[in-house]
Amino acid sequence: MMEAIIGFATGILASMGLGGGFILVVWLTLFAGVGQKAAQGINVLFFLPIAFIALILHLKNHLVNKPLVKKMIFGGIIGAVIGTLGSNVIANDLLRKLFALFLIAFGLRELFSPNKSADNQQSDDHNQRSRTD
Amino acid sequence: MRKFFEGTLCGFLNGFFGSGGGVLAVPILEKEGCDTNEAHATSVALIFALSVVTALFYGFSGNLDFAGAWKYIPYGVAGALCGAFFLKKIKSIWLKRIFGGVITAAAVRMLLV
């Protein structure tokens, strides 16, 4: 049952690029007794079919900026190789603590970053007001 | 050249933590001129490609548990279909606030345990 809830929630957030993988990794390491590196491996495998499906839908909706993907992908692949090798050489416990710090930085930003859609709304209102003035 | 290094940073995070490249990619893509929905969708494209590389390298080092992942994948696929469908419509701010709170709490616990 928990696998269904965690899998579903992770799928929703991951398909939207909102950091869904965090849910799965946190669940696996904190509650399912999986080590940090094994949990990260499970998340990467999990993400592949989810991202593939989401990507097809996003492409159909013309939401993917392909030129930007092309410009970032080569650096990205180099980074992925370095990052993967790095996570291999450090101890599981240290990796887990670093991951927790990364999550805190992400979580605080999600909690306290300004609401961009509200800002747009406000500036629209402001523009409207200045026009009527 | 800047975009090359921005990509490197996203790839590094995604490889190092096996997750989370997307949460860095989204603000970077917004800075490079994407609107919010486009940035989220484009991040999925980018991180998908990077995750293929990461998965290969995790596989070489024996950190891949296919049976462990398979338990979650069917539910994840259902979630992905919903998520991708709603991305065009949803106001994600409440989602971000709740998620941010849950993740921060979990991370603090991870540091303490």
Side-chain angles (χ1 to χ4, degrees), chain A residues 3-4 7-8 10-12 15-17 19 21-22 25-26 30 37-38 40-51 53-55 57-58 61 63-65 68-69 71-73 75-84 86-88 97 99-100 102-104 106-108 110-111 115 117, chain B residues 3-8 10-12 14-19 22-23 26 32 34 37-38 40-46 48-51 53-55 57-58 61 63-65 68-69 71-73 75-80 82-84 87-88 91 93 96 99-101 103-104 106-107 110-111:
Chain A
E3 279 143 10
F8 188 73
T10 302
I12 289 185
S15 71
M16 300 166 84
F22 294 156
V25 175
V26 166
L30 269 187
K37 288 179 193 177
Q40 293 185 188
I42 287 176
N43 183 59
V44 170
L45 279 179
F46 171 91
F47 185 67
L48 292 177
I50 275 68
I53 291 167
L55 187 53
L57 294 169
H58 293 328
N61 289 332
L63 283 171
V64 177
N65 187 325
L68 262 180
V69 173
K71 283 183 191 133
M72 290 173 71
I73 194 76
I77 289 170
I78 293 169
V81 172
I82 298 170
T84 308
S87 77
N88 267 333
K97 300 291 181 210
F99 180 70
F102 177 43
L103 285 186
I104 288 174
F106 164 77
L108 291 178
E110 293 298 271
L111 273 174
N115 183 352
S117 52
Chain B
K3 295 186 186 90
F4 180 90
F5 285 114
E6 286 167 345
T8 310
C10 296
F12 177 81
N14 207 59
F16 195 68
F17 292 125
S19 56
V23 305
V26 168
E32 296 292 352
C34 293
N37 285 348
E38 192 188 18
H40 285 275
T42 305
S43 82
V44 174
L46 195 61
F48 173 70
L50 300 182
S51 292
V53 177
T54 301
F57 275 76
Y58 276 26
S61 48
N63 279 326
L64 284 185
D65 174 2
K71 281 190 271 184
Y72 299 92
I73 285 175
Y75 310 108
V77 167
C82 293
L87 178 54
K88 279 186 105 170
K91 284 224 187 304
I93 188 66
K96 291 174 79 164
F99 188 44
I103 286 296
T104 307
M110 269 179 123
L111 276 180

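Numbers restart at 1 for each chain; the letters A, B, ... are given by sequence-line order, proteins then strands.
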* Spacing of CG belonging to B/Leu111 relative to NZ belonging to A/Lys97, to within rounding of 0.5 Å -> 6.0 Å

* Asked: Taking all non-hydrogen atoms of both residues, which atom of B/Gly76 and which atom of A/Phe46 are closest, and how far apart?
  -> CA-CZ, 3.6 Å

* To do: Check whether B/Thr54 gets within reach of chain A through its side chain, its backbone, both or neither, counting any heavy atom under 4.5 Å.
  => both

* **Heavy-atom side-chain contact between B/Thr104 and A/Leu103 under 4.5 Å** => no

* To do: Please report the closest heavy-atom contact between B/Ala106 and A/Val26, naming both atoms and the distance.
  => CB-CG1, 3.5 Å

* Which of the residues A/Gly21, A/Gly19, A/Ala80 is involved in the greatest number of heavy-atom pairs with chain B at under 4.5 angstrom? -> A/Ala80

* Asked: Can a donor-acceptor pair be found between the side chains of A/Asn88 and B/Ser61 at a distance below 3.5 Å?
  -> yes

* With a cut-off of 6.0 Å (strictly less than), are more than 12 heavy atoms of other residues, nucleotides or ligands near OH of B/Tyr75? -> no

* Please state whether the side chain, the backbone, both or neither of A/Ile82 comes within less than 4.5 Å of a heavy atom of chain B. => both

* Top contributor to chain B contacts, counting heavy-atom pairs under 4.5 Å, from A/Ile53, A/Leu55, A/Ile42 -> A/Ile42

* What part of B/Phe5 gets closer than 4.5 Å to chain A, counting heavy atoms only: side chain, backbone, both or neither? -> neither

* Asked: Could you state the interatomic distance from CZ (A/Phe47) to OG (B/Ser51), rounded to the nearest 0.5 Å?
  -> 5.0 Å

* Approximate separation, where rounding is to 0.5 Å, of B/Phe4 CZ and A/Lys71 NZ -> 14.5 Å

* Structure fact -> chain B shares the most heavy-atom pairs under 4.5 Å, among A/Ala38, A/Gly11, A/Gly75, A/Gly41, with A/Gly75

* Asked: Looking at B/Ala49, B/Gly22, B/Ala107, which makes the most heavy-atom pairs under 4.5 Å with chain A?
  -> B/Ala107

* Asked: For A/Leu68, is it the side chain, the backbone, both or neither that has a heavy atom under 4.5 Å from a heavy atom of chain B?
  -> side chain

* To do: Would you sort out whether A/Leu30 and B/Met110 count as a side chain to side chain contact (heavy atoms under 4.5 Å, CB included), showing the intermediate values?
  => CA-CA 7 Å; A/Leu30 269 187; B/Met110 269 179 123; 3.9 Å; yes

* Asked: In Å and rounded to the nearest 0.5 Å, what is the CG to CD1 distance from A/Leu48 to B/Ile73?
  -> 8.0 Å

* Asked: Of the listed residues (A/Ile12, A/Thr10, A/Ile78), which shares the most heavy-atom pairs with chain B below a 4.5 Å separation?
  -> A/Ile12

* **Flag side-chain contact, heavy atom, 4.5 Å: B/Thr42 against A/Val69** => yes

* To do: Nearest 0.5 Å please: distance from the CD1 atom of A/Ile50 over to the CZ atom of B/Phe48.
  => 11.0 Å

* With a 4.5 Å cut-off on heavy-atom pairs, point out which of B/Val26, B/Leu46, B/Asn14 contacts chain A the most. => B/Leu46

* **pair B/Phe99-A/Phe106: side-chain heavy atoms closer than 4.5 Å** => yes

* Go through the structure and list residues passing side-chain contact (heavy atoms from CB on, under 4.5 Å) with A/Ile77, not counting sequence neighbours. => A/Ile73, B/Leu50, B/Val53

* Structure fact -> Closest non-hydrogen contact found for B/Gly100 with A/Leu111 is C-CG, 3.8 Å

* Asked: Counting only N and O atoms by type, is there a donor-acceptor contact under 3.5 Å from the side chain of B/Lys3 to the main-chain atoms of A/Met72?
  -> no

* **Minimum side-chain heavy-atom gap A/Leu45-B/Asp65 below 4.5 Å** => no

* Asked: Checking side chain to side chain contact (heavy atoms under 4.5 Å, CB included) for the pair A/Ser15/B/Val44: CA distance, chi angles, key distance, verdict?
  -> CA-CA 7 Å; A/Ser15 71; B/Val44 174; 5.8 Å; no

* Asked: How close do A/Val64 and B/Ala45 get, heavy atom to heavy atom, and via which atoms?
  -> CG1-CB, 3.9 Å

* Structure fact -> Nearest heavy-atom approach of B/Gly15 to A/Ser87 is O-OG, 3.9 Å

* Under a 4.5 Å heavy-atom cutoff, which of A/Asn43, A/Asn65, A/Leu57 has the most pairs with chain B? -> A/Asn65

* Say you draw a straight line from CZ of A/Phe99 to CZ of B/Phe17; how long is it, rounded to the nearest 0.5 Å? -> 7.5 Å

* B/Tyr58-A/Gln40 side chain donor-acceptor pair, cut-off 3.5 Å -> yes

* Structure fact -> Between B/Cys82 and A/Phe8, the two heavy atoms sitting closest are SG-CZ, 3.8 Å

* **A/Val81 vs B/Phe57 side-chain heavy atoms within contact, under 4.5 Å** => yes

* Structure fact -> Cut-off 4.5 Å, heavy atoms of chain B, and the answer for A/Leu108 is both

